[in-house]
Amino acid sequence: MKKIAIATLIALAATTASAVEVGITTARDYSGAQDRNGAGLTVGQKFGKVGLTAGVERFTAGTNDQDRLSLTAGYDITKIGAVIVTPKVGVAHLNNQTGADGYAMAVGVGASLPITKQVSVTADVARQYGQDRVAAFDGTRATVGLRFKF
């Protein structure tokens with residue numbers, strides 16, 4: 001049910017938005033017993049300075065791969081040169097290959113550097129705090145990616 005709700009939000013954003021942003025990301029998750037690498041896709045929409053992004057990431061390490069479904073909100077607070085700085089807060093569902101699934105909250109900051117009018121390079125750092133059953137995955141996540149505006 002949770003996955004259907006997030007997929008519906010992604011589809012709704014893609015069909016109703018006039019300027020949809022689609023991104024590809026690569027991430028490094030510094031949590032748990034093992035650091036893990038991940039890759040993902042995002043779909044977002046900007047409403048002035050406020051942005052809303054839904055994403056799916058796949059993390060792999062050892063025997064416990066993880067799918068992370070997220071919904072993140074951000075607010076552009078400043079611009080340093082061409083770089084836009086955005087504090088972010090979000091929620092995620094952690095779907096683990098082994099062990100319990102659960103929810104987590106993330107707080108962080110992102111930066112976006114426009115390359116062209118339609119393409120930007122992004123970098124984010126976030127700290128994740130989860131329910132007790134997924135607290136082993138609490139930690140810092142660093143993400144870089146490309147975002148395409150349509």
Side-chain angles (χ1 to χ4, degrees), residues 1-32 35-61 65-80 82-97 100-115 118-150:
M1 185 65 177
K2 298 165 217 103
K3 294 176 190 175
I4 293 171
I6 291 174
T8 302
L9 285 173
I10 291 171
L12 182 62
T15 59
T16 63
S18 60
V20 175
E21 299 176 341
V22 177
I24 54 172
T25 62
T26 183
R28 181 74 172 166
D29 186 18
Y30 299 97
S31 64
D35 296 342
R36 58 178 84 206
N37 295 320
L41 297 170
T42 62
V43 175
Q45 173 64 39
K46 294 285 276 195
F47 306 95
K49 291 187 173 197
V50 176
L52 188 62
T53 303
V56 59
E57 292 176 302
R58 174 81 172 161
F59 290 95
T60 56
D65 294 348
Q66 181 184 79
D67 293 323
R68 184 176 189 279
L69 305 169
S70 63
L71 186 61
T72 305
Y75 183 80
D76 299 343
I77 59 166
T78 191
K79 197 172 185 181
I80 302 171
V83 177
I84 301 167
V85 179
T86 309
K88 298 180 177 187
V89 63
V91 295
H93 179 262
L94 308 178
N95 184 7
N96 296 301
Q97 180 181 0
D101 298 343
Y103 292 95
M105 180 182 114
V107 178
V109 65
S112 177
L113 174 65
I115 302 299
Q118 286 82 25
V119 179
S120 299
V121 174
T122 62
D124 294 337
V125 175
R127 178 76 180 167
Q128 179 171 286
Y129 304 94
Q131 293 176 298
D132 288 343
R133 62 182 175 226
V134 292
F137 301 104
D138 288 359
T140 303
R141 188 180 67 258
T143 306
V144 295
L146 286 175
R147 186 172 53 216
F148 305 92
K149 293 181 187 178
F150 296 96

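Everything quoted here is computed from the prediction, not taken from an experiment.
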Quick one: closest heavy-atom pair of [X] and [Y], and the distance?
{"X": "F59", "Y": "R68", "answer": "CE1-CD, 3.9 Å"}
{"X": "T60", "Y": "R36", "answer": "O-CB, 3.4 Å"}
{"X": "T122", "Y": "S112", "answer": "CG2-OG, 4.2 Å"}
{"X": "G102", "Y": "R133", "answer": "CA-NE, 3.7 Å"}
{"X": "D138", "Y": "S31", "answer": "O-CB, 3.1 Å"}
{"X": "K88", "Y": "G74", "answer": "CG-CA, 4.1 Å"}

Query raised in the report: For T25, what residues pass the side-chain hydrogen bond (donor to acceptor under 3.5 Å, both in side chains) criterion, not counting sequence neighbours?
Result: none
Once rounded to the nearest 0.5 Å, what's the spacing between atom [atom1] of [X] and atom [atom2] of [Y]?
{"X": "R141", "Y": "S70", "atom1": "CZ", "atom2": "OG", "value": "7.0 Å"}
{"X": "R147", "Y": "I115", "atom1": "CZ", "atom2": "CD1", "value": "11.0 Å"}
{"X": "K149", "Y": "E21", "atom1": "NZ", "atom2": "CD", "value": "5.0 Å"}
{"X": "Q131", "Y": "M105", "atom1": "CD", "atom2": "CE", "value": "13.0 Å"}

Requested in this report: Apply side-chain contact (heavy atoms from CB on, under 4.5 Å) to the pair V85 and I80, showing each step before the final yes or no.
Outcome: CA-CA 8 Å; V85 179; I80 302 171; 4.1 Å; yes
Determine whether [X] and [Y] make a side-chain contact, defined as any pair of heavy atoms from C-beta on separated by less than 4.5 Å.
{"X": "I77", "Y": "P87", "answer": "yes"}
{"X": "Y103", "Y": "V91", "answer": "no"}
{"X": "V20", "Y": "V43", "answer": "yes"}
{"X": "D101", "Y": "L94", "answer": "no"}
{"X": "V121", "Y": "V144", "answer": "no"}

Let me have the donor-acceptor pairs involving side chains of residues 50-58, under 3.5 Å, with sequence neighbours excluded, atom names and distances please.
{"unit_1": "R58", "atom_1": "NH1", "unit_2": "D67", "atom_2": "OD1", "d": "2.9"}
{"unit_1": "R58", "atom_1": "NH1", "unit_2": "D67", "atom_2": "OD2", "d": "3.4"}
{"unit_1": "R58", "atom_1": "NH2", "unit_2": "D65", "atom_2": "OD2", "d": "3.3"}

Query raised in the report: Under the side-chain contact (heavy atoms from CB on, under 4.5 Å) criterion, do R127 and V107 qualify, and how do the steps go?
Result: CA-CA 5 Å; R127 178 76 180 167; V107 178; 5.5 Å; no
Query - T26/T143 under side-chain contact (heavy atoms from CB on, under 4.5 Å): CA gap, chis, key distance, verdict - result: CA-CA 6 Å; T26 183; T143 306; over 6 Å; no
Query - side-chain contact (heavy atoms from CB on, under 4.5 Å) assessment of T140 paired with V125 - result: CA-CA 7 Å; T140 303; V125 175; 3.9 Å; yes
Report task. Count the heavy atoms of every other residue, nucleotide or ligand shown that sit under 6.0 Å from OH of Y75, and state whether that count exceeds 12. Result -> no
Query raised in the report: Can we say D76 and K46 salt-bridge, meaning some charged N sits less than 4.0 Å from an Asp/Glu carboxylate O?
Result: yes
